[in-house]
Amino acid sequence: FHGGAFISGDVDSGACLAELLASSGAVVASLAYPLAPAHRFPDAVEAGFAALEWLFKQRTRLAGSGAPLFVAGEEAGGNLAAAVAMMVRDRAHPPLAGQILVAPMLDPCGATPSLRQTMGESTGCKWMDGWQQYLRGPMDAEHPYAVPCRAQRLAGLPPALILTGGDDPMRDEALAYADRLREAGIAVHSGLLPPTTGWPDSLSEQPAGECPCAVEVRGHVRAFFQAATPPPS
């Protein structure tokens with residue numbers, strides 16, 4: 001799932017992360033999910049789940065017999081990947097081997113130190129604007145599929161790889177979610193990359209495969225793929 005604060009972006013802007021995953025050994029399917037405000041929550045999450053079900057049915061043709069299935073996303077796409085992972089757990093299908101969240105956009109409050117550090121004295125930002133256009137109203141902020149970091153039940157989710165950068169405005173919410181998953185008994189591999197990533201903007205602005213810290217990201221992803229145990233099909 002590409003980034004774009006729920007309101008912009010496409011498969012081309014998500015090409016950098018897609019290429020990093022592909023060069024780490026994955027067969028990657030990128031989704032042009034429906035964007036807000038024309039399509040508010042839960043349209044993008046439902047579209048992601050439908051795509052995942054289709055991919056599961058086609059996985060032998062696309063990636064070989066018994067190929068494990070992962071969800072992955074950057075920025076707002078990281079939110080959608082986390083939400084789809086919850087939906088898979090709750091609907092008990094399809095079997096999911098892991099979730100990869102890169103600079104994930106998880107908290108609509110916008111009060112974390114990392115975000116305040118990025119925005120300075122500004123009272124508004126594109127991520128807050130994106131949240132306002134994505135959520136239908138205040139009650140959506142309590143729904144775990146809309147705001148995974150506030151979910152009351154995290155047990156039963158697949159293993160997670162959560163990557164953030166030292167200069168990532170979503171750094172604090174990403175690391176907090178990693179901690180909550182660990183407390184719930186989920187296997188979590190998290191990495192804090194150097195404060196020179198430019199994430200999440202650099203992910204959509206760089207040519208495919210030219211993401212800062214690309215070598216380190218590939219190392220994390222390959223280790224996660226090797227450690228993940230495919231669930232029974």
I need the minimum non-hydrogen distance between Val147 and Pro108, along with the two atoms involved. CG1-CD, 3.5 Å
Does Ile186 belong to the same Ile/Leu/Val/Met/Phe/Trp/Tyr cluster as Leu175, with side-chain heavy atoms less than 4.5 Å apart forming each link? no
Assess whether side chain to side chain contact (heavy atoms under 4.5 Å, CB included) is satisfied between Ile162 and Leu181, documenting all intermediate values. CA-CA 10 Å; Ile162 300 180; Leu181 288 173; 3.9 Å; yes
May I ask you to test the Leu80-Leu31 pair for a side-chain heavy-atom distance under 4.5 Å? no
For Arg136, does its backbone N or O pair with a side-chain atom of Asp140 as donor and acceptor, under 3.5 Å? yes
Please find the pair of heavy atoms, one from Ala81 and one from Leu101, that lie closest to each other, and give the distance. CB-CD2, 3.8 Å
Roughly how far, to the nearest 0.5 Å, is the NE2 atom of His189 from the CD1 atom of Ile100? 10.5 Å
Decide yes or no for Asn79 and Trp131: does some side-chain heavy atom of the first lie under 4.5 Å from some side-chain heavy atom of the second? yes
Given 3.5 Å as the limit, does a donor-acceptor pair link the side chain of Tyr33 with the main chain of Asp43, or not? no
Do NZ/NE/NH1/NH2 and the carboxylate oxygens of Arg182 and Asp179 come within less than 4.0 Å? yes
Side-chain touch Phe225/Phe70, heavy atoms, less than 4.5 angstrom: yes
Among Cys16, Ser8, Ser13, the one residue meeting side-chain contact (heavy atoms from CB on, under 4.5 Å) with Ser204: Ser13
With heavy-atom distances below 4.5 Å as the criterion, would you say the side chains of Trp54 and Pro94 are in contact? no
Tell me whether the rings of Phe41 and Tyr134 are parallel (<30°), tilted (30 to 60°) or perpendicular (>60°). perpendicular
Report the C-alpha separation of Trp199 and Glu74 in whole Å, then their side-chain angles, then the decisive distance to 0.1 Å, and conclude whether the side chain to side chain contact (heavy atoms under 4.5 Å, CB included) test is met. CA-CA 9 Å; Trp199 286 359; Glu74 63 187 80; over 6 Å; no
Quick check for you: to the nearest 0.5 Å, what is the distance between Glu53 atom CD and Leu55 atom CG? 10.5 Å
Looking only at heavy atoms, which two atoms of His39 and Pro34 are closest? And how far apart? CG-CB, 3.5 Å
Non-hydrogen side-chain atoms of Leu52 and Val71 separated by less than 4.5 Å: yes
His220 versus Gly191, closest heavy-atom pair with distance: CE1-CA, 4.1 Å
Check: Pro200 and Met105 side chains under 4.5 Å, non-hydrogen atoms: no
May I ask you to decide if Gln133's main-chain N or O and Arg40's side chain share a donor-acceptor pair within less than 3.5 Å? yes
Main-chain N/O of Pro158 paired with Arg89 side-chain donor or acceptor, under 3.5 Å: no
Go through the steps to decide whether Tyr177 and Leu154 satisfy the test side chain to side chain contact (heavy atoms under 4.5 Å, CB included), and finish with yes or no. CA-CA 10 Å; Tyr177 189 57; Leu154 297 176; 4.1 Å; yes
Main chain of Ser24, side chain of Arg218: is a donor-acceptor contact present, judged purely on distance under 3.5 Å? no
For Pro104 and Leu163 the tightest heavy-atom approach is CD-O, 4.0 Å
Give, for atom OG1 of Thr164 and atom CD of Glu173, the distance between the pair rounded to the nearest 0.5 Å. 8.5 Å
Quick check: closest heavy atoms across Leu17 and Gly73, and the distance to 0.1 Å? CD2-C, 3.9 Å
Between Leu157 and Met86, is any pair of side-chain heavy atoms under 4.5 Å apart? yes
Using a 3.5 Å distance criterion without hydrogens, assess whether the side chain of Ser202 forms a donor-acceptor pair with backbone atoms of Thr197. yes
Using a distance-only test with no angle check, is there a side-chain donor-acceptor pair under 3.5 angstrom linking Asp90 and Tyr145? yes
Donor on one side chain, acceptor on other, Glu75 and Trp127, under 3.5 Å: yes
Under 3.5 Å, side chain of Arg150 to main-chain N/O of Leu106, donor-acceptor pair present? no
Please examine the side chains of Leu69 and Leu96, heavy atoms only from C-beta on, and report whether any two atoms are closer than 4.5 Å. yes
Atom pair NZ (Lys126) and CZ (Phe6), whose distance is rounded to the nearest 0.5 Å: 13.5 Å
Verify, without hydrogens or angle tests, whether Arg171 (side chain) and Leu192 (backbone) share a donor-acceptor contact under 3.5 angstrom. no
